[in-house]
Amino acid sequence: MGRYEQQRNFLKSNFLEFKHVKTDKIKGLPQPAIVKPYSSTSEMIDLPEPGEEVVSRSNIYDCIKDRRSTRFYSAESLQLEELSYLLWATQGITSTTKTGLTLRTVPCSGATHTFETYLFIMRVEGIRQGIYRYLPVEHKLLFVSELDEMDRKIDAITLEQPFVPHFTKKAAVLFAWSTIPYRSEWKYDISAHKKILIDIGHVSQNLYLASESIDAGACAIGIYDQNLIDEVLGLDGEDEFVLFLGAVGKKRISTQE
């Protein structure tokens, strides 16, 4: 097995090895906040209530069957209602328990939900270009910053991959999911990290299927410049860092997998 051994062992179940570990939850330490804090003076954008009226393909069988990674997009903008739906589908809160845990549209180990959703918005009707963060409790967008030469910067972040380039091939929105690992470490200690990787897969798949249901396409991106994207989003790279990306746009002639 050689150089793969450490990584393969990471993929194996290790729960029994750590079941006697006293987690911070067992120690009585307070649970970390379920959402990253923000200033009350920040610029906020109300999102339309997500609803099925934006869904053009309601047959889940067809959405699963036709799902492909879409790497080429039209110049058409996403509607704000469509973006609202995609955000709800990937991190929307459907209920809250008596203990304050949020139950969402995606499964998550212990309802720890370590992810924050950042958006590089290029073409969404009614929204100026820039970087935003989704606030799932309020179902709002938080404006983070403008980004000069956004196309060039995204090309650099995604290491010049051909499905997020300039002009009509460019995605309308680039989702960037960061993780705040301590939300899961608090409950699962060092066995948290495998769970985090499993959980982000659920989020990404919901983006694929929700995009398919509105006649848009998505493509997950696991290759990116870690230091650059963390720097652009203002993340410390230790307690919060980007884990996965997903491009979304209206379909053109697609190169798929």
Side-chain angles (χ1 to χ4, degrees), residues 32-39 42-47 78 80 82-93 102 104-106 108 113-124 127-159 161 164 170-184 196-197 199-204 206-208 210-211 218-249:
I34 61 170
V35 175
K36 185 178 175 181
Y38 58 90
S39 171
S42 298
E43 180 181 341
M44 310 274 277
I45 298 171
D46 292 328
L47 290 169
L78 285 179
L80 185 59
E82 292 174 322
L83 179 61
S84 172
Y85 167 71
L86 294 178
L87 289 166
W88 173 81
T90 51
Q91 279 292 281
I93 295 174
T102 56
R104 307 196 187 190
T105 52
V106 290
C108 173
H113 297 290
T114 73
F115 308 121
E116 295 284 341
T117 304
Y118 294 88
L119 304 169
F120 292 81
I121 291 182
M122 280 75 76
R123 294 191 312 282
V124 174
I127 302 292
R128 75 178 190 269
Q129 281 196 355
I131 298 174
Y132 297 78
R133 178 160 64 96
Y134 176 51
L135 304 178
V137 175
E138 300 90 343
H139 193 61
K140 294 182 179 183
L141 282 180
L142 172 72
F143 176 72
V144 176
S145 67
E146 294 181 344
L147 184 62
D148 294 334
E149 298 183 293
M150 181 178 283
D151 290 347
R152 184 185 62 79
K153 188 70 74 172
I154 289 175
D155 279 350
I157 287 170
T158 57
L159 303 177
Q161 293 176 85
V164 202
K170 182 181 65 177
V173 178
L174 181 65
F175 282 66
W177 295 290
S178 73
T179 181
I180 298 178
Y182 184 65
R183 292 179 188 168
S184 185
I196 292 171
L197 292 180
D199 291 341
I200 196 61
H202 300 314
V203 175
S204 177
N206 266 29
L207 181 66
Y208 269 104
S211 296
C219 187
I221 305 170
I223 299 174
Y224 52 88
D225 186 322
Q226 184 74 58
N227 292 333
L228 180 56
I229 193 167
D230 287 345
E231 176 186 340
V232 167
L233 294 179
L235 311 182
D236 63 14
E238 295 292 337
D239 294 320
E240 182 183 8
F241 49 88
V242 169
L243 189 64
F244 211 22
L245 308 177
V248 177

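- Across every non-hydrogen atom of Trp177 and Gly246, the tightest pair is CZ3-N, 4.0 Å.
- In this structure, CG in Leu228 is found 9.5 Å from CG in Leu233, a value given to the nearest 0.5 Å.
- In plain terms, the two heavy atoms of Cys108 and Asp199 that are nearest each other are SG-OD2, 3.4 Å.
- Leu197 places a side-chain heavy atom less than 4.5 Å from the side chain of Leu243.
- Among residue pairs with one or both ends in residues 128-147, those qualifying as ring pair (Phe, Tyr, Trp, His ring centres under 6.0 Å) are Tyr132-Phe143, Tyr134-His139; sequence neighbours excluded.
- Shown here for Ala89 and Asn206, the closest heavy-atom pair between the two residues is O-ND2, 2.8 Å.
- The line from CD1 of Ile157 to CD of Glu231 is 9.5 Å long, rounded to the nearest 0.5 Å.
- The OG atom of Ser211 sits 8.5 Å away from the OH atom of Tyr85 when rounded to the nearest 0.5 Å.
- Within the model, atoms NZ of Lys153 and CZ of Phe120 stand 9.5 Å from one another, a figure rounded to the nearest 0.5 Å.
- Thr158 contributes a side-chain N or O that, together with a main-chain N or O of Ile154, makes up a donor-acceptor pair within less than 3.5 Å.
- The main-chain N or O of Thr114 is never found under 3.5 Å from a side-chain atom of Tyr182 such that the two would form a donor-acceptor pair.
- In this structure, Thr117 OG1 and Leu135 CG are separated by 10.0 Å, a value rounded to the nearest 0.5 Å.
- A search for side chain to side chain donor-acceptor pair (under 3.5 Å) contacts involving Thr102 returns Arg104, not counting sequence neighbours.
- When all heavy atoms of Val106 and Gln91 are compared, the pair lying nearest together is CG2-NE2, 3.4 Å.
- Proximity of Leu87 to Leu83: side-chain heavy atoms (C-beta onward) are separated by under 4.5 Å at one or more points.
- Contact between Gly237 and Asp230 at its shortest, heavy atoms only, is CA-OD2, 3.8 Å.
- More than 12 heavy atoms of other residues, nucleotides or ligands shown are found within 6.0 angstrom of CG on Asp236.
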Apply side chain to side chain contact (heavy atoms under 4.5 Å, CB included) to the pair Ile45 and Ile127, showing each step before the final yes or no.
-> CA-CA 9 Å; Ile45 298 171; Ile127 302 292; 3.6 Å; yes
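- Side-chain contact check for Leu235 versus Lys36: some heavy-atom pair is nearer than 4.5 Å.
- The backbone N or O of Leu78 lies less than 3.5 Å from no partner atom in the side chain of Arg123, so there is not a single donor-acceptor pair.
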Could you go through the side chain to side chain contact (heavy atoms under 4.5 Å, CB included) check for Val124 and Leu119 one step at a time?
-> CA-CA 11 Å; Val124 174; Leu119 304 169; over 6 Å; no
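- Shown are Tyr118, Phe241, Phe244; of these, the side-chain contact (heavy atoms from CB on, under 4.5 Å) with Ser178 is made only by Tyr118.
- Residue pairs meeting the salt bridge (charged side-chain N to carboxylate O under 4.0 Å, His left out) criterion with at least one member in residues 127-145, sequence neighbours excluded: Glu43-Arg128, Asp46-Lys140, Glu116-Arg133, Arg128-Glu146.
- Shown here for Thr105 and Trp88, the closest heavy-atom pair between the two residues is OG1-O, 2.8 Å.
- Rounding to the nearest 0.5 Å gives a distance of 10.5 Å between CD1 of Ile196 and CD1 of Ile180.
- Gln226 is listed as a side-chain neighbour of Tyr224, based on a closest heavy-atom distance under 4.5 Å.
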